Amino acid sequence: MIPARARRVLAGLLLLAATACTTGPSLESQGEVTAPPGDSKELTIGSAGFTESDLLAQLYALLLERAGYSADIISVTNREIYEPALESGQIDVVPEYAATFADWLNAKADGADAAPVGSPDLAATMKALRALAAPRGLTVLDPGRAVDQNAFAVAASYAKEHGLKTLSDLGRAKLPVRLAAGDECVQRPYCAPGLKKTYGIGIVAVDPKGVGTTQAKQAVQNGQDQMVLTTTTDATLDQFGLVLLADDKKLQNADYVVPVVNRARAGSAGVRDALGRLNTVLTTADLASMNEQVDSWRRLPEDVARTYLESKKLIPKG
């Protein structure tokens, strides 16, 4: 079932998809941003089409409506489409992830081979992201506590047997580890190479079953593999008897949830303050719990988001 807000803007989806890649001023013509930030009262929020993005879009919409804005949601699963649409003002607000979006904008500006600017350092990542976003007419609001980054899980029984709570513990244990992950993990610096370099973990093989897939988790559950690459907001780990090992040396990039807005339409203090209220409450565990309610309990993202904000007293019950 499509949420009511999404239905109201689906008619414009094909037009957006057809034009978003060619709209928005080029970097060469943008120059220095001097105009005051805009405060349109009718805003469109973009969702990337997966559960967590849908939930964040619903949270944003409810908070903006509480602050006196009209907020519609449109689902655009391709960043190559929704980011130019954000620049052009066809979309006004999107939930993003700091390090990933910084690297994406950096590659867009300087080419696919550009050195990454996202890092485990949140302050450095945010500085780079804002510098890349501003010339495109985008404002990156403050991150909160919620982070959705790569994470590594093992069977709870395996963790108990070897006394494992952190990735450092696993490195010290000197155990041979088969890692269930995507095949790109063999080369990516934050995956197998990073685990070896940073933690001294003996990765003997990468089992190419994908990132956080059911197949990958089952391989760890049944002992075929010892560890799986997933994310910090994975809501299904308990179902497979798995637990996360803490990234205690901060190998992973700072993929904190950040709202990104079109400055000319939604760069006002009103939007910033409305969305900033979420930063005082939303945690990684909260996101994981809400993901589970949608994916496992089959609740609608709008209902889950409303219940959450009511429980935190950020919107009135009703």
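Computed from a predicted structure; not experimentally measured.
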* L170/T166 under side-chain contact (heavy atoms from CB on, under 4.5 Å): CA gap, chis, key distance, verdict -> CA-CA 7 Å; L170 182 56; T166 68; over 6 Å; no
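Residues T231 and D234 have side chains that never bring a donor and an acceptor to within less than 3.5 angstrom of each other. Between the side chains of Q293 and R299, at least one donor N or O sits under 3.5 Å from an acceptor N or O. Q90 and T44 form no side-chain donor-acceptor contact under 3.5 Å, judged by distance and modelled atom types alone. If you check the side chains of Y97 and N253, you find no donor sitting under 3.5 Å from an acceptor. Using a 3.5 Å distance cut-off with no hydrogens or angles, the side chains of T236 and K217 do pair a donor with an acceptor.
With a 4.5 Å cut-off on side-chain heavy atoms, L278 and K312 do not count as touching. Contact of the F152 side chain with the V228 side chain is not registered, since no non-hydrogen atoms from C-beta on lie closer than 4.5 Å. By the 4.5 Å heavy-atom criterion applied to side chains, Y60 and E65 are not counted as neighbours.
The heavy-atom pair separating G49 from S75 by the smallest distance is CA-OG, 3.4 Å. Closest approach of D248 to S168, counting heavy atoms only: OD2-OG, 2.6 Å. When all heavy atoms are compared, the tightest approach of L251 to Y190 is O-CD2, 3.1 Å.
Counting only residues at least two apart or in different chains, disulfide (SG to SG under 2.5 Å) contacts with residues 240-318 are absent.
Salt bridge absent: R263 and D92 never bring a charged side-chain N and a carboxylate O closer than 4.0 Å.
Remark: K165 NZ is loosely packed, at most 12 non-hydrogen atoms of other residues, nucleotides or ligands lying under 6.0 Å away.
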